[in-house]
Amino acid sequence: MARDDDARRREQGKFHALLVATGAIGLVIVGALVGGVVLLSGTVSTAATKQHFLLTHRLLDAGLHFSVRESADDIEAPPLDDPALVGRGLACYDQHCAQCHGAPGVAPGAAALGMLPIPTSLAHSAREWRAEWLYYVTRKGVRMTGMPAWEYRLSDTDLWATVAFLKVLPTLSPADYAARSAGATACGQRETLPSSATEAVGPTLLRQYACHSCHVIEGVVGPETYAGPPLRDWARRAYIAGVLPNTRENLERWIRDPQQVSPGTLMPDLDVPAEHARAMARYLFSHAPPVDAPKGPT
Amino acid sequence: MNAPGIQSALHPATGSGAALISELTAALFVGGAVLFLLVMGLLVRAVFSQEKRVDARRWVLWGGVVLPVAVLTVLLLYALAVGGALADVNSRGPLRFVLDCISSGARALAAPFGTERPVRIEVTGKQWWWEVRYWGPGTGVTGVPLANELRLPAGQPVELLLESADVIHSFWVPALAGKVDMIPGRVNRLVLRASAPGVHRGQCAEYCGGQHALMALYVVVVPEPEFRAWLQQQARPATAPADPFLALGRDSFMRGECAECHTIRGTSARGARGPDLTHVGSRLSLAAGVLGNHEGTMAGWIAGAQDLKHGNHMPSTREFTGVELRALSAWLSSLE
Amino acid sequence: MSRRRAFGAMAASIAAVGCGAVDPPRVPGGNAERGRATIERLECGACHVIPGVRGVRSHVGPPLDHFRQRAYLAGRFANTPEVLVRWLVDPPRMKPDTAMPAVGLTETEARDIAAYLYGLE
């Protein structure tokens, strides 16, 4: 008798497990179908004029906070009270940040108005966020927003200088800001690669210089755009822009000054420093390496 | 560029060795078919016949001994005659070959050159191209070097001396003759003849490495006066270009690494690793039958040799700007 | 800024790939099938990788896939039928330092080739 009961219980247990599994799989399939229908129907609005639901906004905001907090965990801020550093940061802020975030008494520029999400007033963020978090966001940018990464355009010193200035920003009146920005020196440009750059910096640089806004590039996820020719199998190509023999040195030359190589070309001058151009050229050549002719009978 | 049948043993050139082979093939096929039908007919008769008694010994004697011996003897003599006719430079077919043998005995076989010394062509197989040197009246003491193409006079036999500089290759122009191997250390002999003008394509028929499949050549049969004129032209060195754009091409060639491997008679380029380019513009193809020959393909070959024929001994050059490449292609194409 | 560009590019690519929202440009007098035969006969593949064309292919020049979607020709000119036909007939006349030679195309052959290339979606 007991054995029969056991068997029945085992049967029931198996049946329940099967039910749960089927239910879970069914839920996943239904969820995918519903998602697919929603996506393909185009009913989800992408208009920047339509605001998020409050819950959506809160979730995205919280997500940003948690992510930045986690990612900036191992960053240590240097001392940020040097007036020279702050002054340098002001120059960078004025040149790069004010156009979207505004400044005391200065409205954000035309590009920022009408953005979703809106670039926050940094006078607020500087008070609420830690220096390390501000540094991380400035350096790495925030995807799916208008906040670009400055990692490859500003040196580490300039990034921290900007953060140093941000900490001072909430204390400035409009008159203060106007006076100090009038005499500010220009912000520098990064000439070298960040110390944390790995061998795989090539694709990152190609994206940071927006190469993939015109070119399909092997190993880079981006729009399938054919404004420029695709950059696949690069090492096999014989010519750059149809005029210059395709070697690493010539490719660096092309990236840094396209108009000089091919006057009238549509490829713009992106003010690329030599070290960045070298890293990008090295990456492009690492795909489909050319085969040299053998030296003797094979 | 390639007409149907240009490389087909089933479309042999008239008057060629391939035509004899094709006739032999047809004879064997038809004969075999007849015998097959005969045997099948006997089989059917055996199965369905009402007669139950057959004289077995008679059938075996006549059908199993006499018939095969007769047929095979005729075939053997015919095949031997075809073989002799293929090898004999003077031959005008297997029947004449047999008659010549009968009338002049062994001397017919021992005097392969007959009354007129034929044009001799040395063809050396190299990975993966054909080095050619013509010997004959008007070729001088060094012969006329070219590459990757043969021209033959219509109606006249030509003797090929086949060698190899590295591994075993095989010379095969299906519409003209059978395959003959090119073995390093040996000289093999092949007689080519065709009675009418035409273009025929051949290919290496012995695996010789990575680009064996792209080792081809064209054999162009032309009327005899045209052949003489062509050979004379091929013997001449290249003339200096008058046009400044072509001169830029020539200068680019000399400045670059091209002269390390290629010879262009009439210039200081004396490289011996690659084909002689003195009259490269006159050839039907580039890269041993891989590409047609015009300025576009010439430029593509120079800049993309490794892409087009991977592993071959010509590098994809990265030395020339766009203008220089075009000038170089134009100049080489002008070397006719 | 980057978001706007990303959305714009995404929209363009979806339109181009999915919905056939943009018609290929018409090349008056050009026959695409004849164009493909011409490309094979002249072995344009000696320098270019061209989808749908048999024979040799190399990377001397840029690949010509998705040709209809290419915004520019030779990095300098708008990709329109009339410009393309002129380019095919005599590239050095439009861009003196180009590596692409004039191979002696007639106007009709150039139109046919252009018609084929614009069919490469």
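Side-chain atoms are counted along with the backbone in the values below, which use heavy atoms only and exclude waters and symmetry mates. Per chain, numbering begins at 1; letters A, B, ... match sequence-line order.
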NE2 (A:His52) with more than 12 external heavy atoms under 6.0 Å: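 Count over threshold, so yes.
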
field: Flag if over 12 foreign heavy atoms under 6.0 Å of OH, C:Tyr72
entry: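 Count not over threshold, so no.
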
Can a salt bridge be assigned to the pair [X] and [Y] using a cut-off of 4.0 Å between side-chain N and carboxylate O?
| X | Y | answer |
| --- | --- | --- |
| C:Glu82 | C:Arg111 | yes |
| C:Glu109 | C:Arg41 | yes |
| A:Glu218 | A:Arg232 | no |
| C:Arg68 | C:Asp23 | no |

- request: Could you pull out all residues at least two apart from A:Tyr152 that satisfy ring pair (Phe, Tyr, Trp, His ring centres under 6.0 Å)?
  value: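 Here no residue qualifies.
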
message: Using a strict SG to SG cutoff of under 2.5 Å, would you count A:Cys92 and A:Cys97 as disulfide-linked?
response: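 Answer is no, sulfur atoms not closer than 2.5 Å.
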
task: Hey, could you give me each pair passing salt bridge (Lys or Arg N to Asp or Glu O under 4.0 Å) that has a residue in residues 90-101 of chain C? Not counting sequence neighbours.
output: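 Matches after skipping sequence neighbours: C:Arg76-C:Asp97, C:Asp90-C:Arg93.
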
message: Just to be sure I understand the criterion: a residue of residues 258-273 of chain A counts if one of its heavy atoms is under 4.5 Å from a heavy atom of chain C. Which ones qualify?
response: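 A:Val261, A:Ser262, A:Pro263, A:Gly264, A:Thr265, A:Leu266 fall under the 4.5 Å cut-off.
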
- request: Can you check whether anything in residues 239-249 of chain A gets within less than 4.5 Å of chain C, heavy-atom wise, and list it by number?
  value: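 Hits under 4.5 Å: A:Tyr239, A:Ala241, A:Gly242, A:Val243.
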
Reported CG-to-CZ distance for the pair C:Leu88 and C:Arg86, which is rounded to 0.5 angstrom: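 If I round to the nearest 0.5 Å, the distance is 11.5 Å.
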
Region of C:Phe67 that comes under 4.5 Å of a non-hydrogen atom in chain A: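 Nothing of C:Phe67, per the 4.5 Å heavy-atom cut-off to chain A.
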
